[in-house]
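Before any comments, here is the structure.
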Protein chains: 2
Amino acid sequence: MASVDRSLVANLPMFAGLSPAEQDELLREARSIRYTKGSSVFDQGAQADRFFLLLHGHLRVEKTTPQGQQTVVRYVSAGELFGVAQAMNMTHYPATSVAAVDSIALAWPSSSWQRLIAKYPTLAASALQTVGSRLQDTQARVIEISNEQVEQRVAHALLRLAKQAGKKVDAGIEIDFPISRQDIAEMTGTTLHTVSRILSAWESEGLVEGGRQRIVLRDAHRLQGLAEGEEAIQVRRRGP
Amino acid sequence: MASVDRSLVANLPMFAGLSPAEQDELLREARSIRYTKGSSVFDQGAQADRFFLLLHGHLRVEKTTPQGQQTVVRYVSAGELFGVAQAMNMTHYPATSVAAVDSIALAWPSSSWQRLIAKYPTLAASALQTVGSRLQDTQARVIEISNEQVEQRVAHALLRLAKQAGKKVDAGIEIDFPISRQDIAEMTGTTLHTVSRILSAWESEGLVEGGRQRIVLRDAHRLQGLAEGEEAIQVRRRGP
DNA sequence: AGCGATCTTTGCTCCGGCGCAAATTCCCCG
DNA sequence: CGGGGAATTTGCGCCGGAGCAAAGATCGCT
């Protein structure tokens with residue numbers, strides 16, 4: 001089990017307001033674990049025996065209904081706290097986390113949570129903030145799905161992904177991990193067919209550039225316009 | 001400003017794990033405020049200068065988009081903590097809270113939050129749990145809107161309302177505060193027209209009993225079936 | 001008791017996007 | 001370098017439910 005250097009994590013929100021010595025102590029209790037692309041960090045319904053901090057990589061968090069319907073809840077990027085089910089008094093993980101690319105996370109035993117927040121109150125504040133902003137995001141998503149057309153929702157989803165995990169490339173902004181049309185469909189509450197059609201239409205307009213599990217935003221500005229409800233791009237439909 | 005008796009609140013989750021003396025001290029810092037039906041406790045976008053505990057009544061929490069689209073985020077029942085924006089490091093309230101019936105709440109200044117959680121760590125834990133379960137609910141709602149037909153969503157919404165604020169009456173379970181078709185539409189991401197049609201169909205099947213801003217579930221069991229995707233009730237459509 | 005405002009019901013039409021099916025492209029792996 | 005499987009694209013038809021319009025039903029108020 002590798003020990004982690006403080007410098008890697010010192011300026012993450014979770015460690016803000018802690019002295020170097022305290023940071024070291026926290027780190028001493030954690031294990032660092034590698035996850036290969038496609039492997040799961042924890043599974044929906046499993047005992048929530050650890051909580052995590054993602055050091056490197058990207059995770060896809062998904063929920064499956066009893067009927068087998070899958071939904072992508074969100075993506076986790078490096079620096080984020082996740083799997084804090086125990087902190088919310090849940091005994092089991094409510095979703096599955098899968099590594100979208102090879103990733104590294106720190107893991108603490110859930111059982112330490114109570115003791116840690118008693119000792120470091122800023123930890124609780126940090127967790128509260130994490131969960132709070134997650135709640136805001138999720139509520140925003142409800143409103144989006146309720147009130148917007150599919151095309152706007154897809155535009156929003158891509159912009160959010162780009163903001164969270166965008167990498168500048170010559171052609172524009174590339175989403176920094178493999179993501180399929182199916183994934184986007186599951187994020188926006190539609191079908192992969194519709195997503196594919198929309199992306200094709202956008203590609204022919206020069207808004208985006210696609211590929212297998214790969215998306216580059218070429219004109220974020222115009223996408224933003226679409227997301228806000230400007231006239232939609234014509235998705236090829238019956239006609240002359 | 002009325003002072004509040006400890007016995008009214010002692011067994012709420014927020015006060016769990018505190019000694020009577022500590023409870024009294026917390027209460028001493030709070031003001032009790034009455035809100036008449038239809039008045040707002042706080043408005044979306046306003047400075048988040050207080051956080052609250054609902055003592056009596058029901059609140060509707062709603063968000064409005066810049067384009068004027070409204071969505072009912074949730075209903076707050078007595079005993080719940082709300083308006084804890086500050087605790088999540090937000091300076092402004094993200095939504096509006098309106099009294100659905102005459103209500104009473106305790107209010108603390110947001111500025112006390114940091115001091116209070118430092119002194120009473122269980123408060124932070126309690127808030128974390130509140131926000132956490134709110135997050136779970138909201139995620140469940142995303143999945144519902146994404147994967148279910150309108151009729152199932154309405155069934156789910158009614159069952160949830162009944163569980164949270166149901167009152168047993170002769171005819172079945174009545175939702176204990178005035179709620180319009182429009183409200184239900186805003187909870188389920190549909191239109192009041194569609195909600196009205198569905199409720200009419202259900203009423204003629206004896207599943208529910210409607211009225212102006214009033215709904216009674218007569219057959220929660222069958223509704224549960226609908227919510228889970230059993231064959232839908234035929235909403236009258238063109239035909240022989 | 002009467003009036004206006006609000007809420008609810010219901011008919012009709014239209015269309016966005018889903019379901020289904022099939023072809024095509026791309027990538028991984030042997 | 002050649003399968004084979006996964007991901008993607010695209011055509012076609014249908015239908016759930018939104019949009020629009022208008023007529024009832026109730027409530028609160030004066």
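So you know, we letter chains A, B, ... as the sequences are listed, proteins then strands, and number each from 1. Side chains included, hydrogens not; waters and symmetry mates left out as well; all remaining heavy atoms used.
Summarising the geometry, the separation between CD on B:Gln182 and C1' on C:dT9 is reported as 14 Å, rounded to the nearest angstrom. For B:Glu151 and D:dA18, the CD to P distance is 13 Å, given to the nearest whole Å. At whole-Å resolution of the value, CD in A:Gln149 and C1' in C:dC18 are 14 Å apart. A:Arg153 has its CZ atom 12 Å from the C1' atom of C:dC18, to the nearest Å. Between B:Gln152 atom CD and D:dG17 atom C1' there is a gap of 14 Å when expressed in whole angstrom units. If you measure from atom CD of B:Glu148 to atom P of D:dG16, you get 17 Å, rounded to the nearest angstrom.
Taking only side-chain nitrogens and oxygens, B:Thr190 never comes nearer than 4.0 Å to OP1 or OP2 of D:dG17. Side-chain nitrogen and oxygen atoms of A:Ser200 include none within less than 4.0 Å of the OP1 or OP2 phosphate oxygen of D:dT8.
Residues B:Thr194 and A:Gln213 both approach DNA chain D. Their nearest nucleotides, taken by heavy-atom distance, put A:Gln213 toward the 5′ side.
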Once base and sugar-phosphate atoms are separated, protein heavy atoms under 4.0 Å mark nucleotides 22-30 of chain C, 5' to 3', with B, S and - as ----BS---
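Within the nucleic acid shown, B:Ser196 comes within 4.0 Å of at least one base atom, counting heavy atoms only. The residue B:Leu192 sits close to a base: some heavy atom pair falls under 4.0 Å.
Of the possible donor and acceptor atoms, one in the side chain of B:Ser200 sits under 3.5 Å from a partner among the backbone N and O of B:Ser196. The closest donor-acceptor contact from the side chain of A:Arg134 to the backbone of B:Leu135 lies at 3.5 Å or more, if one exists at all. In this structure, A:Thr65 contributes its side chain and A:Gln69 its backbone to a donor-acceptor pair below 3.5 Å.
Looking at A:Arg222, A:Arg218, A:Glu151 one by one, the single match for side chain to side chain contact (heavy atoms under 4.5 Å, CB included) with A:Trp202 turns out to be A:Glu151. Partner of A:Ile179 under the side chain to side chain contact (heavy atoms under 4.5 Å, CB included) criterion, out of A:Gln213, A:His58, A:Met187: A:Met187 alone. A side-chain hydrogen bond (donor to acceptor under 3.5 Å, both in side chains) with B:Glu144 is found for one member of B:Gln139, B:Gln152, B:Arg160 and no other, namely B:Arg160.
Electrostatic pairing of A:Glu186 and A:Lys63 does not count as a salt bridge here, judged by no charged N lying under 4.0 Å from a carboxylate O.
In this structure, B:Trp108 and B:Phe51 have parallel ring planes: the angle between them is below the 30° cut-off, well short of the 60° mark.
For residues 162-175 of chain A, the salt bridge (Lys or Arg N to Asp or Glu O under 4.0 Å) pairs, not counting sequence neighbours, are A:Lys167-A:Asp176, A:Glu174-A:Arg214.
Helix-axis bend for the helix from C:dA1-D:dT30 to C:dG30-D:dC1: the local axis fitted to the five terminal pairs at one end deviates from that at the other end by 50°, rounded to 10°.
One N or O donor and one acceptor, one from the side chain of B:Arg197 and one from the base of C:dG11, sit under 3.5 Å apart.
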